[in-house]
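Note that this is a predicted model, so its numbers are computed, not measured.
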Amino acid sequence: MEKIKSYTYFDGEKTFKVEDTFQGSLSGEYDVFSKSFVQVGLDKIELIKNSKSLHDSQNRYFNLEQLKIMSNIFNMNLIKDEYLHSLTVKGHYHGFEISEDDHLIVIYSLEGTKAPEYMFIYGVWKK
């Protein structure tokens, strides 16, 4: 896997040229940001529709061992207690999501006080 340094992020309304990470306000409500995607060359991945949680007390998507492996691959911190296992990075403790298809992996979080207000894209990787 290769970490991508430069990509395009579309937030449902505006397009951004991104170097490494992205942090910015969402352009609209769910009906707008649910259309967001990341594009690298011809490869494009929708974020919201393809995401799986990296913070889950139910282990719906990933068990503890899988999260440990992912924390090493993606250089993230594994937080674990008896109720919740999650991956975080310094300064961003809202739940992270992972979107993956045949070509790309994107790790991001939607952040805000009462509802999603900001998008933080931690990284994009090419398979």
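By the 4.0 Å N-to-carboxylate-O rule, Asp20 lies close enough to Lys3 to be salt-bridged with it. Ionic pairing of Asp43 and Lys126 is present here: one or more N-O contacts between side-chain nitrogen and carboxylate oxygen are shorter than 4.0 angstrom. Using a cut-off of 4.0 Å between Lys/Arg side-chain N and Asp/Glu carboxylate O, Glu100 and Lys52 are scored as not salt-bridged.
To the nearest 0.5 angstrom, Phe33 atom CZ is 11.0 Å from Leu47 atom CG. A distance of 4.5 Å separates CE of Met1 from CD1 of Ile105, quoted to the nearest 0.5 Å. Taking CG from Leu26 and OG from Ser34, the interatomic distance works out to 10.5 Å, rounded to the nearest 0.5 Å. To the nearest 0.5 Å, the span separating CZ on Phe37 from CD on Glu46 amounts to 8.5 Å.
At most 12 non-hydrogen atoms from other residues, nucleotides or ligands lie less than 6.0 angstrom from OH of Tyr118.
Inter-residue side-chain proximity for Leu54 and Met70 is flagged as met; some heavy-atom pair is nearer than 4.5 Å.
Ring to ring, Phe16 and Phe22 are close: their centroids are under 6.0 angstrom apart.
Side-chain contact, Asp11 with Ser36: no donor N or O sits under 3.5 Å from an acceptor N or O.
Between His92 and Phe96, the ring planes lie perpendicular to each other; the angle is over 60°, past the 30° to 60° tilted range.
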